[in-house]
Amino acid sequence: MVGVRTADLAPTASVKFFGAGTAGCIADLVTFPLDTAKVRLQIQGESKPSLNGQKLKYKGVFGTINTMVKTEGPRSLYNGLVAGLQRQMSFASVRIGLYDSMKQLYTRGSENAGIGSRLLAGGTTGAMAVTFAQPTDVVKVRFQAQARLPEGESVKRYNGTIDAYRTIARDEGVKGLWKDNMPCHFTAAFGAGFCTTVVASPVDVVKTRFMNSVPGQYSSACNCAITMLMQEGPTAFYKGFMPSFLRLGSWNIVMFVTYEQIKRGVMRVQQSWESPL
């Protein structure tokens, strides 16, 4: 009996779910330094308005990475990695892994999905992904923004990932783990490429500032945006633009290439189990 070719086997929902999460983690491992550099650039100048002639600590993508390596060590580029991987397992798994299943739900099993069904499926999985992954994103940003100071100079904001979840929930309430539920955050999550970075960058900067803020610093995400505009000007909304653009493009390339390979690999293993020689 001739076995079915691997290419003809449709990946199951569980294969897509775990494959997307794993691929997202691999993409994060490759691009995480760019994400950390983006966060550092986005929060630069937050504590006080920039002054003429004031020397900036971070300049550009590679300048920021170089400064961090020199002053904090190479490991600082991966601050918040644990929370970042947790985010991908919850975010990418739902947003990408469940997309096809949700699309079939809206089309009632039909393979001919129109633009409306695709938008509904994307919106649904996007909303679910942001809801599930939001606490991990908050903790990731907090760690990336936390500069490693000389020993004895200052107490770290958090001692570990679990401590961060616990401290935020205790000091800011459980809702502190779900800061920044702006609908525009979905745009930043879905988009890819230059145009998306242009559109999403202001939202992403506000998201980073708001997530990293201490209780009472901003009354809302809108207040955060207004404060940035008044104190730092319109250009503040595009801080970290280049690492954001580079990270977005490279992350999507690594993620989707890896995702396809993982799906094919799992289906080959499944086929070999079901049709042994």
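Only heavy atoms go into these numbers, but all of them, side chains included; no hydrogens, no water, no symmetry mates. Since the structure is predicted, the reported quantities are computational estimates derived from the model, not experimental observations. Here, residue 1 is the first one in the sequence, and each next residue gets the next number.
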Please report the closest heavy-atom contact between [X] and [Y], naming both atoms and the distance.
X	Y	value
Ala236	Val205	O-CG1, 3.6 Å
Gly60	Leu41	O-CD1, 3.9 Å
Ala121	Tyr99	CB-CE1, 3.7 Å
Tyr165	Ala83	OH-CB, 4.3 Å
Ser93	Ala20	CA-CB, 4.2 Å
Asn212	Ala145	OD1-CB, 3.3 Å

What side-chain donor-acceptor pairs closer than 3.5 Å can you find for residues 26-33, not counting sequence neighbours?
{"unit_1": "Asp28", "atom_1": "OD1", "unit_2": "Arg247", "atom_2": "NH2", "d": "2.4"}
{"unit_1": "Asp28", "atom_1": "OD1", "unit_2": "Trp251", "atom_2": "NE1", "d": "3.2"}
{"unit_1": "Thr31", "atom_1": "OG1", "unit_2": "Ala27", "atom_2": "O", "d": "2.8"}
{"unit_1": "Thr31", "atom_1": "OG1", "unit_2": "Arg247", "atom_2": "NE", "d": "3.4"}

Heavy-atom check, side chain of [X] versus side chain of [Y], under 4.5 Å:
X	Y	result
Met211	Gln134	yes
Asp35	Lys140	yes
Thr208	Lys239	no
Phe18	Ile262	no
Asp137	Lys207	yes
Val82	Phe143	no

From [X] [atom1] over to [Y] [atom2], what is the distance, rounded to the nearest 0.5 angstrom?
X	Y	atom1	atom2	answer
Glu72	Thr67	CD	OG1	9.5 Å
Met68	Arg75	CE	CZ	12.5 Å
Cys224	Leu229	SG	CG	11.5 Å
Asn223	Met230	CG	CE	11.5 Å
Arg40	Ile65	CZ	CD1	11.5 Å
Tyr218	Ile226	OH	CD1	12.0 Å

Neighbour count above 12 (heavy atom, 6.0 Å) for Phe237 CZ: yes
Within 45° cone of Phe91 ring axis and under 6.0 Å: Arg87 NZ or CZ: yes
Check against side-chain contact (heavy atoms from CB on, under 4.5 Å), Lys38 and Asp204: CA-CA 10 Å; Lys38 178 202 73 171; Asp204 194 34; 2.9 Å; yes
Donor + acceptor pair across side chains of Thr136, Gln86 (<3.5 Å): no
Gln146 versus Asn79, side-chain donor and acceptor atoms under 3.5 Å: no
Phe17/Ile96 under side-chain contact (heavy atoms from CB on, under 4.5 Å): CA gap, chis, key distance, verdict: CA-CA 7 Å; Phe17 184 85; Ile96 298 171; over 6 Å; no
Any donor-acceptor N/O pair, [X] side chain to [Y] backbone, under 3.5 Å:
X	Y	result
Glu172	Pro215	no
Ser76	Gly73	yes
Thr36	Leu77	yes

Any residue meeting salt bridge (charged side-chain N to carboxylate O under 4.0 Å, His left out) with Asp100, in chain and number order, not counting sequence neighbours: Lys16, Lys103
Val69-Leu246 co-clustered via ILVMFWY side chain contacts under 4.5 Å: yes
